[in-house]
Number of protein chains: 2
Amino acid sequence: MVLKMSLSSRFAVGIHILALIELNKEGTSSSEFLASSVNTNPVVIRKLMGMLKKAGLVEVHPGIAGAKLAKKLSDISLFDVYKAVNIVQENELFSVHDNPNPNCLVGRNIQNTIEPLFVAAQVAMEKVLEGVTLEDVVKDIADKGNMNC
Amino acid sequence: MVLKMSLSSRFAVGIHILALIELNKEGTSSSEFLASSVNTNPVVIRKLMGMLKKAGLVEVHPGIAGAKLAKKLSDISLFDVYKAVNIVQENELFSVHDNPNPNCLVGRNIQNTIEPLFVAAQVAMEKVLEGVTLEDVVKDIADKGNMNC
DNA sequence: ATCTTTTGTAACTAAGTTGATTACATGTAC
DNA sequence: GTACATGTAATCAACTTAGTTACAAAAGAT
């Protein structure tokens, strides 16, 4: 039994490209441009962009090069990005085994007992993400140097 | 692109079997007994039991039927179980893409910028788990009826 | 109108994890 | 030594991820 597990990097990549679109707002942020900064395939970026667009975070148009932010930086929280990229389903960060034995007291009740505990833990995590905006992220990056790509 | 992701149910199953060991403390909690309540294979239980044993939460002995808790109920938090079953690696709940482009301001700094944010969110989640003990879980289940398996 | 560029998708792949399962070695008790 | 339980390796199907190829659809330039 191997022992690892991390949520998809789509979240980190989503933050990356949104921050880059902002810092490159004078230029054109095509999927190829963004991909070269993330170091991945442009199609990966376009699929992610579809999610961000659906969530109302970016504006992109077929045939027209470049994506733009659809909201102010300070109005986009990391939680917005997190929800947009679907790395976990609502209230399902932790899996609960299904079909426990209904003839056993524990089997019959375990799901209802732990579900609210799992949700509370997940919500606490999400609240932290809600308290950070892309503005915070962009400021932190901008402090490290000048845009050069 | 499909859109789901949940952490392993080992955590939920771990809580299930620890609660059951407690509620069945008069009887013998063999891997087969526990498996029938969880509704899974005894080998799955034994592998999980190995993790719980390694973490000092249960006592099990080769050749001897039955597992016992190694600590008081109130001294085992859900965070202890969570760590024992390795559903996430330390500070790696969220993946960060590696090899971003070092020639780009964002690529060069994104990892260092978001890592502490991700860790803070994870820690907030873990704090909630730390505040709940198996005693709370067992009491909740015991309130629902009498042990009957 | 056509050529070029870019976005939007579908389809496929390799790698990795999960949970179930079979098989069997090891250990304990009778 | 027989019976039974735990420990563990190996295998398997199902699923997700991230990368890739291929191509349709849309916009702009000439």
Enquirer: A:Val43 has a side chain; which of C:dG8, D:dT6, D:dT21 sits nearest to it?
Expert: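 Comparing C:dG8, D:dT6, D:dT21 against the side chain of A:Val43, the answer is D:dT21.
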Enquirer: Does the distance from a Lys or Arg side-chain N to an Asp or Glu carboxylate O, for A:Asp140 and A:Lys144, drop under 4.0 Å?
Expert: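 A salt bridge is present here (some side-chain N lies under 4.0 Å from a carboxylate O).
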Enquirer: Rounded to whole angstrom units, what separation is found between the CG atom of A:Asn41 and the P atom of C:dT6?
Expert: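 Distance, rounded to whole Å: 15 Å.
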Enquirer: Given D:dG19, D:dA5, D:dA22, which nucleotide is nearest the side-chain atoms of A:Arg46?
Expert: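 Minimum distance to the A:Arg46 side chain belongs to D:dA22.
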Enquirer: Just wondering, are more than 12 heavy atoms of other shown residues or ligands nearer than 6.0 Å to CG in B:Asn148?
Expert: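 Counting neighbours around CG of B:Asn148, more than 12 heavy atoms of other residues, nucleotides or ligands fall under 6.0 Å, so yes.
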Enquirer: Nearest-Å distance, CG (B:Asn86) to C1' (C:dG16)?
Expert: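 About 16 Å, once rounded to whole Å.
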Enquirer: From the set D:dT20, C:dT18, D:dA18, return the single nucleotide nearest to any side-chain atom of A:Ser8.
Expert: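 For A:Ser8, the side-chain atoms sit closest to D:dA18.
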Enquirer: Nearest-Å distance, CG (A:Asn99) to P (C:dG19)?
Expert: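 Atom-to-atom, A:Asn99 to C:dG19, this comes out as 14 Å.
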Enquirer: Find the distance B:Ile45:CD1 to C:dG19:C1' and express it as a whole number of Å.
Expert: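 It is 11 Å, rounded to the nearest whole Å.
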Enquirer: From the set D:dG19, C:dT21, C:dG27, return the single nucleotide nearest to any side-chain atom of B:Pro62.
Expert: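 Nearest to the side-chain atoms of B:Pro62, counting from C-beta on, is C:dG27.
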Enquirer: Hey, does B:His61 reach any base, or is it just sugar-phosphate, or nothing, if we go heavy atoms under 4.0 Å?
Expert: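 Sugar-phosphate, backbone atoms only, no base.
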Enquirer: Both B:Ser95 and B:Ala67 contact DNA chain D. Taking the nearest nucleotide for each, which residue is further toward the 5' end?
Expert: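 Closer to the 5' end of DNA chain D: B:Ala67.
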Enquirer: Would you indicate, yes or no, if C:dG19 has its OP1 or OP2 atom less than 4.0 angstrom from a side-chain nitrogen or oxygen of B:Ser9?
Expert: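 For C:dG19, OP1 or OP2 has a side-chain N or O of B:Ser9 closer than 4.0 Å.
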Enquirer: What about A:Lys47, does its side chain sit under 3.5 Å from the base of D:dT20 through a donor-acceptor pair?
Expert: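 Indeed there is one.
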Enquirer: Which of these, A:Val44, A:Leu48, A:Ile21, sits in a side-chain contact (heavy atoms from CB on, under 4.5 Å) with A:Leu34?
Expert: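 Between A:Leu34 and the candidates, side-chain contact (heavy atoms from CB on, under 4.5 Å) is satisfied uniquely by A:Ile21.
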Enquirer: Within a reach of under 6.0 Å around CG of A:Asp143, are more than 12 heavy atoms found that belong to other residues, nucleotides or ligands?
Expert: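 Correct, the count exceeds 12.
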Enquirer: Which nucleotide in the list C:dG19, D:dG19, D:dG7 gets nearest to the side chain of B:Arg10?
Expert: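 Among the listed nucleotides, the one closest to the side chain of B:Arg10 is C:dG19.
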Enquirer: Please report, rounded to the nearest Å, how far the P atom of C:dT6 is from the NZ atom of A:Lys53.
Expert: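 Spelled out: NZ on A:Lys53 to P on C:dT6 is 17 Å.
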Enquirer: Are OP1 or OP2 of D:dA18 and a side-chain N or O of A:Thr40 less than 4.0 angstrom apart?
Expert: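 Checking A:Thr40 against D:dA18: no side-chain N or O falls below 4.0 Å of OP1 or OP2.
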Enquirer: Distance check needed: C:dT17 C1' versus B:Met51 CE, whole Å only.
Expert: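 Distance, rounded to whole Å: 12 Å.
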Enquirer: In whole angstrom, give the distance that lies between atom CZ of B:Phe33 and atom C1' of D:dC4.
Expert: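 After rounding, the gap between these two atoms is 17 Å.
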Enquirer: Using a 6.0 Å cut-off, check whether atom NZ of A:Lys68 has over 12 heavy atoms from anything other than its own residue.
Expert: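 Enclosed.
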Enquirer: Taking only side-chain nitrogens and oxygens of B:Ser30, does any of them come within less than 4.0 Å of OP1 or OP2 of D:dA5?
Expert: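 Answer no for this pair, as no side-chain N or O of B:Ser30 is under 4.0 Å from OP1 or OP2.
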Enquirer: Quick one: B:Lys54 NZ to D:dT6 P, roughly how many Å, whole number?
Expert: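 Whole-Å distance recorded here is 20 Å.
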